[in-house]
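Structure, as structure tokens:
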Amino acid sequence: MTSDRPHEAVQDAGGSAHAPSSNNAAPNVLDSVFNFIQLEGKETGQQLAILNHMMGKAVSIKEGAEAVLRGNAAQLSEDLRQQVESELNNAEGRIEEISHRLEHHRRAVDDRDDFRTILQLARGHLRTLLSLSRTVTSPPASPSSSTTPQATSLHDPETTMTRIDAMTKLIGLVQRNLRVQYELDVVQVVHAVIPALSKRSTQFSRATAYRLIRHMLVDMESIKRLNEQPFDWFLVRSLALDIKHTVEKEQAIKLIRTIAAIGSQKRGSTHVPCNGAVPLSERVMRAFVAVAEQLDDPFRPVAIQTLTEIMLIDLQCVARAGGMRVLLQTLSEGPPALASLLSPVFLYIIDSPSTRKHFRPGKDLEIAFSGITDAYGKDSEHQQHLKDICRSILCMLRTWSGLMYFCMDDMRAIRSLIDTLRIPSLEPREVILDMFFELLNIKTPAWYKAFISGRRLTVYRKSGQVSEPNANDTDVQQRQPEPLRLTDQYIALLVLIFTKAGLLEALTSMFQESTTGSNLSRKGTLLMAEVLQLANKVLPLSLAAKIQLVPDVFKLASDYERGEHRIIGTSALSSIDSFNRNRTRLETTVVAAGNRPRANSVEDAIRRGQRQVEQVRIKMGLQMDDKTFQAALLETQVMLTKDHNKWNFETLLDLIEGPLLNPKRMEEAIKLSRFLRRLMNFFHPFNHRFSDIERNKTNLRWVKLGCTLLTTLLASPDGRRFLTSEDDLLKQLTRSFAQLDPFNGAPESDPIFSKKRVSETLTYGYLEMLGTLSKHTEGIVLMEEAKLFTAFYHLSELRSREDLIKGIIENIDYSIDGHPRIVLSKALTSSYKHIRLYATRHLGEMILHSPTANTWTLRLLLTQLYDPAMEVCELATQFLEEACESVDILQLVVAMQPTLDHLGNVGHGLLLKFMSTPVGFRYLFDSGYIDREMDIWFHERNIHYVIEIEVWLAETMVLIPVDDEDDVQSFEGVVPPHFFGEMAKTEFGRQTLHEKGHFPEFALFIRQHGHEKEDPELILKLKSILWTVGNIGSSAGGLPFLEEEEIIPVILEIAEQSQVLSVRGTCFYVLGLVSSTPQGAEILSDYGWEATLSPLGFPTGLCVPLDLDKFLSIPPWDSTQLSGDGDRRLIPPESQAEIEVTTAISNLSNTVIAATASRSLAKLKSRPEYQDVFSSVSMFYRALHMISTSRYRLPVRRYVFDLFDIDLDADVLRQLGESVKELALPASKAAPPQPNGRVVSVLFAAQRTHASESDEEDEVPPVPQHAPVISLRPRSTIVGFRDE
């Protein structure tokens, strides 16, 4: 074989695209052979044939290439060998791809075969059901014949069990392969299961039928075809069943929920909220409403939830069926879980004028207040219910929709709520007072109880009591004072509303109930004092001054004619004055680390005295003579016994902190008396004296003693020399740490620093003592000589001793550059994430507590931004954001120019802080961040911002539950930073914003869509642009943008005239942002909005309208009256018996005469001449029409079904369909009933020609010849009387 033969062998086997150019024909042929595009458009069989052909070719190429490489590898040139190997690799890749496609086709075929099998089985079960439904060959002669043996064969136990088995198997097949749902006809399934829904079938049979139909609903088309069938009557009857039929009722409700979930769609304008279409008829909805209305029904909660969900989709559907009344009643009466669910839904509906029209102003939503206003005379058990109602009202009044709605009609609803405080005998008034405390966000510390109980505040707490500093408290004095919260502007509005509605006057009336006072009246005094404090804090001076007048209280105090009034008034004023004077003193005082205590504080005299005593004691110790010193050494008992419990601790501590600071005394204690040797032996780890002491509060003093001793030793050369050459403490500590090092051989069974010893004994104190050494340069040198830092480095790699690593990180001092910082850096870059998290948190707290900005700590924290674990990056970012509140730290961080693009949204807030400085903005602009982020904010992130801030406001207002309380404080009460707002803080940023031309577009959108009231998308975008404009106007440099476009008057107009209440609220907050600058506050004052100023005269960012009614007023509206099936009247009955039965059934809807009507129906049914009426399908339809168009309670609906001896089967359904057409009153003949006509009633007796003598008391008056057209709407007058 020549050298060319191998190449020809490969080409004969198929070639490759990498073949030499002289053989280009072969690659072209291969390209056509292995081109998978040729599979498109082919049937499955053809695709399989092509793939098998490809597989054969690919296998041939692979085998040929392997043969060439196996037999002639030595004879091949390097280029040819590489070509053959390439051909082999390509062939293997093609074989893998072809195998994958063949496997996919095989699975598809198997699935198709499986689907065909399942579909065949499903159709077989469906045929079985159809055959069972056709057991009766001849229709019954009359409805009453439904009890014949022929019909009974449909429902004998064997047939029923066969039918249930077929339905269950069909459900299993549908669940096994969902494609079967699309192949079966839902109409055919309904016809097949109608016998299973019969009243004579078992409950489980009916439940299984509902379940089968539910699984057959897959899309809108299936819902539409189901609604074409007379299927609703079955649901209406099942919903009326009692608790014995729980299984059937549950499946019926599940079916209704499925129909609502799958079949709901938009109708009309796609932008109007709650304007969808739910494919449920009024008869089903009324039956469902009856379930929700029945208090003892187990399905009431799920029915109310379902009605709430449907209301959010199709408000008209629920309103037409009378569901609004039931939901409003639930809002007032509970249960609390459902009331809390309903209140935000109703507030959402109130917000928009298109949905608000379904409420009757001043009547519907005010029902929520009825639980409070009707509390008079209720027992103490009602108090818990009252708390639940107050909780619902609290949530409503903390939203713009609820607050503005309840301020209608001159705040009538709020005034009624406040007036309940005036009722002297109303016991639950304390609950209402608590609601006002929470509503105004008034926190009540523990000492408030002393005020309420009548104790004098001046003796409540001793003046010298000062709380200890907390390491977690931030150094607030080193930063700007915390601005008012965004929610404080809403609180300011609430204070204005409540004071205008008479809250202070109502509280004053509470004071007048008793001259001696009570806990309740003192709680009212406390609320009044807090309201006055709030007014000073959040309201402009002109408004706050009016509130501070409290004229009613001063009028009582100055009433010299009635002594009791004067006592009450002066007592109230005295309590308020005492509260204000002692408030600051009683609040907890925390002295943060690094802060100098105030020189004029109450505790300053005590602190000065303590310092003087300390200085005198140290001075006397240094001047101690030899005899006294020797006596002190003996008095400590250290020289006499090794039992530390017998030592005189106070003398020992005084000796260490005083005389031993004298170098002469130190030398004497070391060399002559051997005092220090004995004392240091106590602290040696391997002596098991100090290291074995139990860790408790009492024994912590020995740790303090050890730290003080090391500080004293470091203060003198003799002490340092003693620690270095004569004492083994540091060496033994090094050996103790080495016991944990796996590189030093097998670990000991009970090391000094074991987990148990560190947690239970004073062994942990060694870490504090080493931390004391690290505070001094000499101590660090000693630790270096003892190789303690080397031990720390080894320990940082131990995963199982995170407690020891955390203790080292926490106790070492990092103020001196050197090994301590290297130890921290090593912990920050540990291979274990939990160690890095702890070290990052410790570093962040160090930065926050440091009085000055340290470059090295910031560099280490910036390094953590690049940690592989995102949790560490997020933690470092949080600390950086908080630290950058300080301008000095922010400038240092910006100067370091960190790269934050890899953090994504995590680093977004930090980058926004960078933008607020000129250097940071220039850095971000040069990196391309500004242009990129501006486009994102302009098109997308503005929307995210408004959603984020509204969710935060809802969480802060406790409107929605929060799992993690830390999430609520994510913005720390400040408006979250906005890109355009930060951009307007620098000159370069304003120039860039002006060049982009975005602000004129914002102003144009506000002018065009400021009064939008229907489109939710436009409303959301309007809110986002309003927030953008407000953030830009919150800085002095950004306000000229608003002035140039003259947009402030437009925002004011929207705030006062918009029909969407949440948009008004957004404008209210935006105007507060605009008032953050003196110029903005001055502009708003010209339009009747006054800003709140600080004591120094600077705006606080709060702004309220002077004309409150103009801002809170809502344009009046007429409630919408929806027409339903009740307006489709029926032809009046002709026979006397039908008229009597119809009238009695109609009277069942009237709760006043329902009992009488029920007794009359029972007597009528017992008479033989009425049997035909109660077995008539047309009469049955009249009864069904009445309960489907009027309000009937659930027991009454059940009673109506039980009256008729008719079962719902195929023939009855057909006759009901005929009755719909026959009994419908033509539109041309439909006329309103005569108001003055005598209405037939079962309340009064009269002569009846066919009545027996013994039934005189049951006789009813005769019916006029021309009976009026019967209206099946609920009666609003007493039946039986003529209007005069």
Side-chain angles (χ1 to χ4, degrees), residues 683 685 703 706-707 709-715 717 719-725 727-744 751-753 758 763-799 801-832 835-847 849-850 852 854-864 867 876:
F683 289 101
V703 179
C707 295
L709 178 59
L710 289 177
T711 303
T712 302
L713 288 171
L714 291 174
R720 294 193 293 270
R721 184 171 56 254
F722 174 76
L723 284 174
T724 304
S725 58
D727 188 71
D728 292 338
L729 174 64
L730 299 182
K731 296 177 182 178
Q732 289 192 20
L733 286 176
T734 305
R735 288 167 51 195
S736 300
F737 286 124
Q739 292 177 344
L740 305 175
D741 192 350
F743 297 102
N744 290 335
I752 294 295
F753 286 99
V758 171
T763 302
Y764 90 97
Y766 289 122
L767 301 180
E768 291 191 19
M769 295 165 68
L770 292 175
T772 302
L773 289 177
S774 65
K775 295 178 181 179
H776 308 275
T777 306
E778 298 84 359
I780 293 178
V781 173
L782 293 177
M783 293 175 67
E784 291 176 355
E785 293 176 355
K787 298 183 179 180
L788 282 168
F789 289 111
T790 304
F792 291 167
Y793 298 147
H794 291 172
L795 288 176
S796 64
E797 301 298 330
L798 296 179
R799 180 178 180 83
R801 293 311 308 272
E802 61 179 88
D803 60 325
L804 204 56
I805 300 172
K806 291 179 179 179
I808 294 172
I809 295 172
E810 182 178 351
N811 287 286
I812 287 185
D813 185 79
Y814 305 99
S815 58
I816 301 175
D817 191 11
H819 280 285
R821 296 183 183 180
I822 299 176
V823 171
L824 179 60
S825 176
K826 191 169 179 62
L828 290 169
T829 56
S830 171
S831 56
Y832 306 116
I835 299 297
R836 300 199 305 273
L837 280 170
Y838 183 84
T840 304
R841 184 175 291 106
H842 183 70
L843 176 62
E845 292 173 352
M846 284 172 51
I847 294 174
H849 296 156
S850 176
T852 58
N854 295 316
T855 305
W856 72 271
T857 55
L858 293 175
R859 287 193 183 279
L860 286 178
L861 191 58
L862 287 175
T863 304
Q864 297 307 98
D867 193 275

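Throughout, numbering of the chain's residues begins at 1 and tracks the sequence.
Annotation: the span from Leu710 atom CG to Leu773 atom CG amounts to 5.0 Å, rounded to 0.5 Å. The CZ atom of Arg841 sits 15.0 Å away from the CE atom of Met846 when rounded to the nearest 0.5 Å. Distance CD1/Ile808 to OH/Tyr766: 15.0 Å, rounded to 0.5 Å. To the nearest 0.5 Å, atoms OG1 (Thr724) and CG (Leu782) are separated by 4.5 Å. Interatomic distance, Thr734 OG1 to Met783 CE, rounded to the nearest 0.5 Å: 9.0 Å. Remark: Asp867 CG to Thr840 OG1 distance equals 6.5 Å, nearest 0.5 Å.
Side-chain contact between Leu824 and Leu843 is present, with at least one heavy-atom pair separated by less than 4.5 Å. Between Tyr814 and Leu860 there is no side-chain heavy-atom pair separated by less than 4.5 Å. Counting heavy atoms from C-beta outward, Gln864 and Leu828 have side chains that approach closer than 4.5 Å. Contact annotation: the side chain of Pro820 never approaches that of Asp813 to less than 4.5 Å [non-hydrogen atoms, C-beta and beyond]. Counting heavy atoms from C-beta outward, Pro685 and Leu733 have side chains that approach closer than 4.5 Å.
Here the shortest heavy-atom pairing between Ala786 and Leu730 reads CB-CB, 3.8 Å. Shown here for Asn811 and Leu767, the closest heavy-atom pair between the two residues is CB-O, 3.5 Å. Across all their heavy atoms, Tyr793 and His819 have their closest contact at OH-ND1, 2.7 Å. Nearest heavy-atom pair across Ile809 and Ala827 is CD1-CB, 3.4 Å. Of all non-hydrogen atoms in Ile780 and Phe789, the two that sit nearest each other are O-CE1, 3.9 Å. Of all heavy-atom pairs spanning Ile752 and Thr763, the tightest one is O-CG2, 3.4 Å.
Side-chain N or O atoms of Ser850 include none that pairs as donor or acceptor with a backbone N or O of Ile847 at under 3.5 Å. Checking side-chain atoms of Glu810 against main-chain N and O of His842 turns up no donor-acceptor pair under 3.5 Å. Between the side chain of Ser725 and the backbone N or O of Phe722, no donor-acceptor pair lies under 3.5 Å. When atom types are taken as modelled, the side chain of Arg720 and the backbone of Leu714 share a donor-acceptor pair closer than 3.5 angstrom. Of the possible donor and acceptor atoms, one in the side chain of Arg821 sits under 3.5 Å from a partner among the backbone N and O of Ser815.
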Evaluate the criterion side-chain contact (heavy atoms from CB on, under 4.5 Å) for residue pair Leu788 and Leu770; output intermediate values, then yes/no. CA-CA 9 Å; Leu788 282 168; Leu770 292 175; 3.6 Å; yes
Could you walk me through whether Met769 and Leu729 pass the side-chain contact (heavy atoms from CB on, under 4.5 Å) check? CA-CA 11 Å; Met769 295 165 68; Leu729 174 64; 4.3 Å; yes
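The distance between the ring centers of Phe792 and Phe737 falls below 6.0 angstrom.
In Lys775, the NZ atom is not crowded: 12 or fewer heavy atoms of neighbouring residues, nucleotides or ligands sit closer than 6.0 Å.
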